[in-house]
Asker: 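What follows is a structure written as structure tokens; I'll ask about it next.
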Amino acid sequence: MLRTNQTFLDYLEGLYSSEEHKGNIVLESFEKGDKILVQNQISTKIMLVKSGITKCYFVEENGKEYIVEFMGKGEIIGEIEVIKNVPCICSIEAITEVTVYSMSIPYFQALIKKDLTLNNLLLDVFAERIFNTSSRASYQQLHKTEHTLSQLLEVKSREMEISKEDMATYLGITVESLNRALEELQENNSEE
């Protein structure tokens with residue numbers, strides 16, 4: 001539900017602190033609600049979350065939002081678009097104050113050509129995303145909304161604040177359905 005990647009963060013912090021990479025990686029900050037990347041626009045950089053929480057979502061043709069993931073420290077942003085040479089597939093928005101390591105596309109492309117560690121980290125990220133997406137899809141098919149909602153509430157209580165609208169969007173339901181599910185969950189918990 002909230003993805004983090006300490007290994008990737010450690011790797012990039014190592015690059016950031018080395019003399020060889022000075023100036024090629026910079027820190028940027030975003031306020032809550034800021035758009036970090038915008039769907040269908042061209043990005044000019046690759047970023048890795050240093051701190052804070054973002055939501056990755058796309059907007060359907062009918063205007064409905066769908067949250068793919070919540071991403072925290074160590075999650076890379078914009079790499080798929082660079083590798084595929086396409087505009088941003090999703091939008092990324094800060095849901096807390098966020099700090100990122102930012103690097104230019106030419107610098108990132110040069111690293112991909114020569115840095116085996118980076119390539120292995122990227123392969124791991126891609127495999128993890130495929131695994132998480134397929135697991136989430138099958139889980140949501142097999143379990144009632146209330147069950148998935150209880151897991152989301154558990155993550156919310158431990159790791160992040162999330163609005164009802166974002167919760168509903170993440171679950172693929174309306175806010176009204178979310179409210180009904182919350183009531184059912186509360187009733188079931190009070191009966192136990």
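Heads up: numbering here begins at 1 and tracks the sequence. Remember, predicted model here, so these are calculated numbers, not experimental data.
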Asker: Would you call E75 and R3 a salt bridge, using N to O less than 4.0 angstrom?
Answerer: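 A salt bridge is absent here (no side-chain N lies under 4.0 Å from a carboxylate O).
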Asker: Got a sec, which residues hit ring-ring contact (aromatic ring centres under 6.0 Å, His included) with F58, two or more places apart in sequence or on another chain?
Answerer: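 Residues passing ring-ring contact (aromatic ring centres under 6.0 Å, His included) with F58: Y66.
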Asker: Given side chains that start at C-beta, do those of L121 and D124 come closer than 4.5 Å, heavy atoms only?
Answerer: no
Asker: Under a 4.5 Å side-chain heavy-atom rule over Ile, Leu, Val, Met, Phe, Trp and Tyr, are M71 and F126 clustered together?
Answerer: no
Asker: Flag the pair L111 / H21 as yes when at least one side-chain heavy-atom distance between them is below 4.5 Å, and no otherwise.
Answerer: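 Heavy-atom side-chain distance check passes, below 4.5 Å.
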Asker: Rounded at 0.5 Å granularity, tell me how far CD1 in I83 sits from CD1 in I105.
Answerer: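 One finds 11.0 Å between CD1 of I83 and CD1 of I105.
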Asker: Identify whether L15 and F108 are in the same connected component of the hydrophobic contact network (ILVMFWY, side-chain heavy atoms under 4.5 Å).
Answerer: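 Cluster IDs for L15 and F108 match.
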Asker: Stepwise, does the side-chain contact (heavy atoms from CB on, under 4.5 Å) test hold for Y107 with I25?
Answerer: CA-CA 9 Å; Y107 175 70; I25 303 171; 3.7 Å; yes
Asker: Can you name the side chain to side chain contact (heavy atoms under 4.5 Å, CB included) partners of K113, sequence neighbours left out?
Answerer: none
Asker: Test of understanding: with salt bridge (Lys or Arg N to Asp or Glu O under 4.0 Å), list the residues that count as partners of K55, not counting sequence neighbours.
Answerer: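 In terms of salt bridge (Lys or Arg N to Asp or Glu O under 4.0 Å), with neighbours along the sequence ignored, K55 is linked to E65, D166.
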Asker: Do you reckon M103 sits in the same ILVMFWY cluster as I77, going by side-chain contacts under 4.5 Å, direct or chained?
Answerer: no
Asker: So how far is it from N40 CG to C88 SG, rounded to the nearest 0.5 Å?
Answerer: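 Output value for this atom pair is 8.5 Å.
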Asker: Decide side-chain contact (heavy atoms from CB on, under 4.5 Å) for Y11 and N5; before the verdict, give the C-alpha distance in whole Å, the side-chain angles of both, and the deciding distance to 0.1 Å.
Answerer: CA-CA 10 Å; Y11 163 80; N5 189 331; over 6 Å; no
Asker: Using side-chain heavy atoms (C-beta onward) and a distance below 4.5 Å, is Q6 in contact with K73?
Answerer: yes
Asker: Which pairs, with at least one residue in residues 72-103 and sequence neighbours excluded, count as a ring-ring contact (aromatic ring centres under 6.0 Å, His included)?
Answerer: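 Those involving residues 72-103 are Y16-Y101.
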Asker: Quick one: side chain to side chain contact (heavy atoms under 4.5 Å, CB included) partners of K32, sequence neighbours excluded?
Answerer: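 If we apply the side chain to side chain contact (heavy atoms under 4.5 Å, CB included) test to K32, skipping adjacent residues, there are no hits.
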Asker: For a side-chain contact (heavy atoms from CB on, under 4.5 Å) check, start with the C-alpha distance between V59 and Q39, then their side-chain angles and the critical distance, and finish with the verdict.
Answerer: CA-CA 8 Å; V59 179; Q39 183 177 336; 4.0 Å; yes
Asker: Shared ILVMFWY cluster between I36 and I76, side chains joined below 4.5 angstrom?
Answerer: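 No, I36 and I76 fall in different hydrophobic clusters.
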Asker: Quick one: side chain to side chain contact (heavy atoms under 4.5 Å, CB included) partners of D34, sequence neighbours excluded?
Answerer: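 Side chain to side chain contact (heavy atoms under 4.5 Å, CB included) list for D34, sorted by chain: F30, E31.
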Asker: Which residues satisfy the salt bridge (Lys or Arg N to Asp or Glu O under 4.0 Å) test with E128, sequence neighbours excluded?
Answerer: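 Result, salt bridge (Lys or Arg N to Asp or Glu O under 4.0 Å) vs E128: none returned.
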Asker: Which pair of heavy atoms, one from S43 and one from L37, lies closest together, and at what distance?
Answerer: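 Result for this residue pair: OG-CD2, 3.4 Å.
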Asker: Could you give all pairs that pass the salt bridge (Lys or Arg N to Asp or Glu O under 4.0 Å) test and reach residues 79-88, with sequence neighbours left out?
Answerer: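 Residue pairs with at least one partner in residues 79-88: E79-R129.
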Asker: Are F8 and L118 side-chain neighbours, meaning at least one heavy-atom pair lies under 4.5 Å?
Answerer: yes
Asker: Could you pull out the closest heavy-atom pair between L9 and G74, with the gap in Å?
Answerer: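 Smallest heavy-atom distance, with atoms named: CB-CA, 3.8 Å.
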Asker: Suppose we screen for ring-ring contact (aromatic ring centres under 6.0 Å, His included). Which residues come up paired with Y57, at least two apart in sequence or across chains?
Answerer: none
Asker: Show me the donor-acceptor pairs, under 3.5 Å and distance only, between side chains in residues 46-53 and residues at least two apart or in other chains.
Answerer:
none

Asker: Using the rule given for side-chain contact (heavy atoms from CB on, under 4.5 Å), can you reason through V68 versus C90, listing the C-alpha separation, both sets of side-chain angles and the distance that settles it, and then say yes or no?
Answerer: CA-CA 9 Å; V68 179; C90 295; 4.2 Å; yes
Asker: Excluding sequence neighbours, so at least two apart, what forms salt bridge (Lys or Arg N to Asp or Glu O under 4.0 Å) with E93?
Answerer: K35
Asker: Indicate if L122 and V86 have the same hydrophobic cluster label, given that clusters are the connected sets of ILVMFWY residues with side-chain heavy-atom separations under 4.5 angstrom.
Answerer: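 L122 and V86: one cluster.
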Asker: Please name all residues satisfying side-chain hydrogen bond (donor to acceptor under 3.5 Å, both in side chains) with S102, sequence neighbours left out, ordered by chain then number.
Answerer: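 Expected list: E28.
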